[in-house]
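Convention: sequence-line order gives letters A, B, ...; per-chain numbering from 1. What you see is a predicted model, and the numbers here were worked out from it, not measured in a lab.
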Amino acid sequence: MTASASMGLLPREFYRRDPREVAPGLLHQVLVAGPCSGLIVEVEAYCGSADPASHTFRGPTRRNATMFGPPGHLYVYFTYGMHWCANVVCGDEGEGVAVLLRALRPLAGVDEMWRRRPAARRERDLCAGPARLCQALDLDGGHDGDDLVTGEEGVGIVAGDVPAPVEVVRTTRVGISAATDEPWRWYVAGDPNVSRPRAPQPVGPSGRRGRP
DNA sequence: ACCGGGATGTTCT
DNA sequence: GAACATCCCGGTG
């Protein structure tokens, strides 16, 4: 993959915006990684110094260097001692903002995804979750910093030939303990590949869940 | 379906 | 030393 425009790769300017704008715009675009690809159906925005849940909230570190770099690159990080997660760097260089890719609908290379994810039981489990999609598409620290615009390292995002989603749901983000009220998660309504159909409900004083 | 617990190690305070 | 942008498995209804 080397000829960006001819392959329909999204241009640098697409990413050079607030991640809360980019995130919903990524729904129904196609993430390509080597022989595999998937339709993006769930994303979250992380907003740098304005966002206590963002890796870049406290400034530059070794790990988050890519996120402070130019937009349109992949930021891949390791967590929980065993999982990788992939983001798309947004905004301008130095802002430290990005969009986390949380779920895909498998399109191409599905056999390869099954091989890499023996724990999956159904096709919709292959890429339903940020660490699952990285496992399925073989994204790890070796892809941190890869340029999605040139596609030179084999990863890119191309304009989907599927129409924009009919209905998009906006909720709070998943799996964080800070800024839990910010509605910076978007997913395609009704898509079975979404990792969690609902956002987690707040836990009340009784320890019980959900609605009073 | 929904829950709880364990795995596992890097990163930053 | 604590936290962690998670996942999987095995329990119970």
* Provide the Watson-Crick or G-U wobble partner of B:dC3, both distances under 3.5 Å; none if there is no partner. => C:dG10
* Return yes when atom CZ of A:R170 has more than 12 non-hydrogen atoms of other residues, nucleotides or ligands closer than 6.0 Å, and no otherwise. => yes
* **salt bridge (Lys or Arg N to Asp or Glu O under 4.0 Å) evaluation trace for A:R185 with A:E42** => CA-CA 8 Å; A:R185 172 180 180 235; A:E42 180 186 352; 2.9 Å; yes
* Structure fact -> For C:dC4, the nucleotide meeting Watson-Crick or G-U wobble distances (both under 3.5 Å) is B:dG9
* Would you indicate, yes or no, if C:dC4 has its OP1 or OP2 atom less than 4.0 angstrom from a side-chain nitrogen or oxygen of A:S177? => yes
* Report yes or no: is the ring centroid of A:Y46 under 5.5 Å from the six-membered base ring centroid of C:dA5, with the two planes under 30 degrees? => yes
* Structure fact -> B/S/- along nucleotides 7-13 of chain C (protein heavy atoms under 4.0 Å) is SS-----
* Face-to-face stacking of A:Y80 with C:dC4, centres under 5.5 angstrom, angle under 30° -> yes
* Kindly indicate whether a cation-pi arrangement holds for A:R12 with A:Y15, taking the cut-offs as under 6.0 Å to the six-membered ring centre and within 45° of the axis. => no
* Euclidean distance, atom CZ of residue A:R62 to atom P of B:dC12 [Å, nearest integer] -> 8 Å
* **Sequence neighbours excluded - side-chain hydrogen bond (donor to acceptor under 3.5 Å, both in side chains) pairs with any residue from residues 127-144 of chain A** => A:T66-A:D144, A:R117-A:Q135, A:H143-A:D146
* Asked: Can you tell which of A:L104, A:V110, A:N193, A:L133 makes a side-chain contact (heavy atoms from CB on, under 4.5 Å) with A:L126?
  -> A:V110
* Asked: Roughly, in whole Å, what's the span from CE in A:M67 to P in B:dC12?
  -> 13 Å
